[in-house]
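This report concerns only the one structure given below.
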There are 2 protein chains.
Amino acid sequence: MPAPTAPLTLASEDEATAPPTDAMLREGAELMFFGYRSFTRDPDQILAERDYGRAHHRALHFIGRQPGISVAGLLDILGVTKQSLARVLKPLVDHGLVEQRVGTNDRRKRLLFLTDEGRAFEERLSDPQRARLLRAFREAGPEAVDGFRLVMTAIMDADERKQANAYMDGAKAR
Amino acid sequence: MPAPTAPLTLASEDEATAPPTDAMLREGAELMFFGYRSFTRDPDQILAERDYGRAHHRALHFIGRQPGISVAGLLDILGVTKQSLARVLKPLVDHGLVEQRVGTNDRRKRLLFLTDEGRAFEERLSDPQRARLLRAFREAGPEAVDGFRLVMTAIMDADERKQANAYMDGAKAR
DNA sequence: CGATTTATGTCAGCGATGTTGACATAAATC
DNA sequence: GATTTATGTCAACATCGCTGACATAAATCG
């Protein structure tokens, strides 16, 4: 422990910022639950029409965001096993939504791309989700959006944060 | 539509607030994915020790938050079918984590309570999650937390928002 | 060049979580 | 007394994770 030079009355950094109460933390947990459920509701409904699920949407999203990603790269982002991904990826390839091309540098790699049909379906899934975010961002205002971003990032562990940031920056740079 | 007195250059409400770009919306979607995954990682690991899953945690959380809730009330919050809930609730009752008491006013109702053991297990699950939120809230600061709350609430549809608010307020009033 | 490692695919089985449909029981209500 | 409500339960099914094991082709190492 460092030398306890701080006074007993709380004065954490600059002004005396009240620490989050237990009730605020519980509310935060519930906001995560309710918010995430709302966020996934639209695409879930569309996916249910066919024999696809949330995992198919995720694969389509990340392939669309980073065309030419390898299978290993996608595994890394999604954080699932090869066998889990295969069950999702195979139907997408079979149904002509995702195309696999052999890598030029390394011919063991299968680089993943969306077909036109895949792109169209991905957009159909993401459009209501983006519309929801757009409405929410407008409604809440830019400062709130900054706060949202800060908190969501801070929720992640250092390594997860690094991965997420690296990924999102990489996609931004394209 | 109201009379279009506004100039063509964008000046939406007070100051010219730039609308969220498509990249910001995509980033938002990814923050939801990565953030939620991080948020559920700790309890998921603890749950995996026994034969429980995320659904058991949710049931324990909401029963703990609203002791004496009826089965129908819990179904409403969780938004799952009776059969789905039964598969989660039965083991919790069998293992002595949840207690069912016959309602006094309406004896058809089974009111749900956590046992001491149930409360202890729920806390074991929620503690790392709350610690994560506490760290995130401290790190991001109070204004960011307000923004986070605003955005997460705005992501919900009106009816979902109403349900979530009614629920969270009700629990607060206890 | 031969051995090893890497990238990917695949088979088999299991567990958790959701679904629909159907039926049963007890208690409240009309 | 008939109907509705609250709950429980059985059966079947799909998605989405997991582990373990094995196969193949291409790259790399010694």
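Proteins get letters first, then strands, A, B, ... in listed order; numbering begins at 1 in each.
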message: Below 30° counts as parallel, above 60° as perpendicular, anything between as tilted: where do the rings of A/Y36 and B/Y36 land?
response: parallel
- prompt: How are the rings of A/H56 and A/Y52 set to each other: parallel, tilted or perpendicular (split at 30° and 60°)?
  reply: tilted
message: Strictly distance-based, threshold 3.5 Å: is any side-chain N or O of A/R37 a donor or acceptor partner for the main-chain N or O of B/L78?
response: yes
Can you list the residues that meet the side chain to side chain donor-acceptor pair (under 3.5 Å) rule with [X], with sequence neighbours excluded?
X	answer
A/T40	A/R54
A/R50	none
B/R132	A/D157, B/D42
B/E139	A/R161

- request: Using atom CZ of B/R108 as one end and atom P of D/dT3 as the other, report the distance to the nearest whole Å.
  value: 17 Å
message: Rounding to an integer number of Å, can you tell me how far B/R41 CZ sits from D/dC18 C1'?
response: 15 Å
Report all interatomic pairs (protein N or O, nucleotide N or O of nucleotides 9-15 of chain D) with separations under 3.5 Å.
from	atom 1	to	atom 2	distance (Å)
D/dT15	OP1	A/D51	O	2.8

task: Kindly give the cluster partners of A/L111, where membership spreads through any ILVMFWY side chain lying under 4.5 Å from a current member.
output: A/F113
task: Look at B/D44 together with B/R41 and state whether they make a salt bridge at an N to O cut-off of under 4.0 Å.
output: no
message: Reading DNA chain C in the 5' to 3' direction, which nucleotide is the first one with an atom under 4.0 Å from a heavy atom of chain B, and which is the last?
response: C/dA16 to C/dA28
- line: Parsed dot-bracket for DNA chain C after applying the Watson-Crick and G-U rules with both distances under 3.5 Å and | for other-strand partners is ||||||||||||||||||||||||||||||
- prompt: Can you tell me if B/H95 and B/E117 form a side-chain donor-acceptor pair at under 3.5 Å?
  reply: no
Non-neighbouring partners of A/L25 that pass side chain to side chain contact (heavy atoms under 4.5 Å, CB included), sequence neighbours left out: A/P20, B/R130, B/L133, B/L134, B/F137
- prompt: Who passes side chain to side chain contact (heavy atoms under 4.5 Å, CB included) against A/L114, sequence neighbours left out?
  reply: A/L60, A/I63, A/V98, A/R119, A/E122
- line: Walking DNA chain D from its 5' end, the first of A/G79 and A/R110 to be reached, judged by nearest nucleotide, is A/G79
query: Among residues 118-130 of chain A, which contact DNA chain D at a heavy-atom distance under 4.0 Å?
result: none
message: Just N and O in the side chain of A/T81: are any of them under 4.0 Å from OP1 or OP2 of D/dC18?
response: yes
query: With sequence neighbours left out, what residues match B/F39 under ring pair (Phe, Tyr, Trp, His ring centres under 6.0 Å)?
result: none
